[in-house]
Colleague: 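My questions will all concern the structure given below.
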Amino acid sequence: MQKSLEIAVVGSGLVGSLLAIYLKKAGHTVHVYDRSPDIRQINFSGRSINLAMSHRGWKALDGVGVADAVREIAIPMDKRALHMVDKINFQLYGKDNESIFSISRGELNRKMIDLAEEAGAEFFFDQKVWDVTLAEATLHIGEEERGEWKSVKYDMVFGADGAFSRIRHRMQRQSMFNYSQEFLETGYKELHIPANADGSHKLDKNSFHIWPRGEYMLIALPNTDGSFTCTIFMPFEGENSFASLTDRKSVAAFFEKNLPDTIDVIPNLTEDFFKNPTSTLVTMKCYPWTFEDKVALIGDACHALVPFYGQGMNAGFEDISVLNEFMEEFGDDWETIFSEYQKSRKPNADAIAELSYRNLMEMSSSTADEKFLLRKKIEKLFSEKHPEKWQPLYSRVTFSHRSYAEALAIGDKQEEIMDEVMNMPNIKDNWDKIEVQDKILALIHQSTLNHD
Ligand SMILES: Cc1cc2nc3c(=O)[nH]c(=O)nc-3n(C[C@H](O)[C@H](O)[C@H](O)COP(=O)(O)OP(=O)(O)OC[C@H]3O[C@@H](n4cnc5c(N)ncnc54)[C@H](O)[C@@H]3O)c2cc1C
């Protein structure tokens, strides 16, 4: 327990509500503000995207004993199902049934708010926070940006208000505050595969479905009600783009030609396509993340990622685990807690931003490429034979608690080794021969790859 403080968390999203539970358990009074209505009272109309929860997310939920409640609404996915034009290939994600878990964002958020309320946090909805006085941890809240505001003072404020954070906005106006934001030229749109009449799933329930098509791709994740939430990612402009799909006829023709096995399972394709918004994807980086012992940013508010590694929420949850470790280590010395927190998380946030960006290519193109698949087969065989010497990058990111920065650095070295292996004569026929294993061992030895 720490000395009890009055703490405001701005944002009742996934990160804000989990953080509220941690802060309550540490002995604080916690008020959570959100500009939106209580999503438990309305028909959830935000992004209903499913999220893939992996090890880092589960660890943070376990840390306050709420993981089992979340497991009830999660579906394990132990493999990718790659829908080529003429066949489906299945690829296991890890070993021993290692899985990522599909969870509906809306359902998870509702559950997290319930759990935070049960823990004793107080929620204030329909409260737009427009500004914060950093040195006094005072929030300024009102209906309109140019209208009347009320001011509420706290001992400390956390900005968990997402990629376009107002709390960060105020911090940006200090000198020596670094900030960058980069939009992808690829956007996304949601589509829907309903359940069968008997409530069963129309596609394999325990797979993350991908239709990799190079510059664009479709993905589908299972829901507990038998449906799938699909997302099509494609460029805004160009030949195969949102701009080129202007009417129902062109959308239907595009799907029939390029994604033929979706026609039967997405009955409302053209209606959904024009009804659902096309959204943008942004990478946002900034530093510092904290102001004295008064204000700290957490989750998307300090590191928004593109979603291709399925790690945005997981990384935000890991921020909380790490913050909590420093709370336990440094007691009531919040200046040190904040300083260690931001120093420890920033390189990892940058690493997962880079990995997420790179994974767009891997998901949309490489998964359909024979050479890439051969590479993965060789890596898998080697890592099965020498698990202590080789953990594939995807597993390091998804099924481990080692740092993202380490995963990126080791992944780059592994990439160099695999480039050499792929240049071996007749590698296509010899991929499972002992000389390939020996070559990898020799290259590892030379590269001083750290395999602890
Ligand atoms: C298409 C897509 C797929 C994704 N898939 C995955 C995945 O598979 N796995 C994964 O780990 N991550 C995934 N992510 C990332 C994940 O959604 C985010 O990282 C996560 O939602 C961040 O949570 P957060 O609580 O920090 O921010 P948010 O979820 O953005 O919540 C911010 C909250 O703050 C409130 N707020 C904002 N401004 C104010 C204000 N001024 N005053 C008061 N309240 C305010 C908002 O209403 C909101 O409730 C995906 C993201 C996208 C876009």
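Start at 1 and go down the list; that is how both ligands and their atoms are numbered.
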Colleague: Does any N or O atom in V15 lie less than 3.5 angstrom from one in ligand 1, N or O only?
Modeller: yes
Colleague: Hey, is M53 one of the residues with a heavy atom under 4.0 angstrom from ligand 1?
Modeller: no
Colleague: I want to know if ligand 1 touches R105 in the polar sense, i.e. an N/O pair below 3.5 angstrom.
Modeller: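 By distance alone, the answer is yes.
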Colleague: Relative to the heavy atoms of G299, which atoms of ligand 1 are at a distance of less than 4.0 Å?
Modeller: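 Result: 26 (O).
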Colleague: With a cutoff of 4.0 Å, is S36 in contact with ligand 1, counting heavy atoms of the residue only?
Modeller: yes
Colleague: Classify the contact between A160 and ligand 1 as side chain, backbone, both or neither, using a heavy-atom distance cut-off of under 4.0 Å.
Modeller: backbone
Colleague: Between K189 (side chain) and N276 (backbone), is there a donor-acceptor pair under 3.5 Å?
Modeller: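 At least one qualifying donor-acceptor pair exists.
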Colleague: Is there any N or O on V129 that sits under 3.5 Å from an N or O of ligand 1?
Modeller: yes
Colleague: Quick one: which ligand 1 atoms are inside 4.0 Å of a heavy atom on G11?
Modeller: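 This gives 33 (C), 34 (O), 35 (C) as the contact atoms.
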Colleague: Got a donor-acceptor contact below 3.5 angstrom from the H169 side chain to the W130 backbone?
Modeller: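 Answer holds: no.
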Colleague: With atoms numbered from 1 as shown, which atoms in ligand 1 lie under 4.0 angstrom from a non-hydrogen atom of Q127?
Modeller: 42 (N), 43 (C)
Colleague: Would you confirm whether T398, through its side chain, and Y394, through its main-chain N or O, come within 3.5 Å as a donor-acceptor pair?
Modeller: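 Pair found, side chain donor or acceptor close to backbone of Y394.
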Colleague: For the residue pair F273 and F242, categorise the inter-ring angle as parallel (less than 30°), tilted (30 to 60°) or perpendicular (more than 60°).
Modeller: tilted
Colleague: Before accepting this row, confirm whether a basic side-chain N of the pair K346/D350 lies closer than 4.0 Å to the acidic partner's carboxylate O.
Modeller: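 Result for this pair is yes, salt bridge flagged.
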Colleague: Classify the angle between the aromatic ring planes of H31 and Y33 as parallel (below 30°), tilted (30 to 60°) or perpendicular (above 60°).
Modeller: perpendicular
Colleague: So for ligand 1, is G310 a polar contact partner (N or O within less than 3.5 Å, distance only)?
Modeller: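 Yes.
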Colleague: List the steps, then state whether side chain to side chain donor-acceptor pair (under 3.5 Å) holds for S54 with Q311.
Modeller: CA-CA 8 Å; S54 51; Q311 285 295 314; 3.0 Å; yes
Colleague: I need the atoms of ligand 1 closer than 4.0 Å to a non-hydrogen atom of G312, numbered in the order shown.
Modeller: 10 (C), 11 (O), 12 (N), 15 (C), 19 (O)
Colleague: When you look for heavy atoms under 4.0 Å from ligand 1, do you find them on the side chain of A52, its backbone, both, or neither?
Modeller: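 Contact part for A52 vs ligand 1: both backbone and side chain.
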Colleague: Is L14 near ligand 1, meaning one of its heavy atoms is under 4.0 Å from it?
Modeller: yes
Colleague: Is any side-chain heavy atom of T290 closer than 4.5 Å to one of W334?
Modeller: no
Colleague: Of the backbone atoms (N, CA, C, O) and the side-chain heavy atoms from C-beta on, which set of Y188 has a member under 4.0 Å from an atom of ligand 1: side chain, backbone, both, or neither?
Modeller: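 For Y188, the contact with ligand 1 is made by the side chain alone.
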Colleague: Would you say the rings of F228 and H192 are close, in the sense that their centroids are separated by under 6.0 Å?
Modeller: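 That pair fails the under 6.0 Å test.
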Colleague: Kindly identify the option in M313, R166, E318 whose heavy atom sits closest to atom 16 (C) of ligand 1.
Modeller: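 Residue with the shortest heavy-atom distance to the ligand atom: M313.
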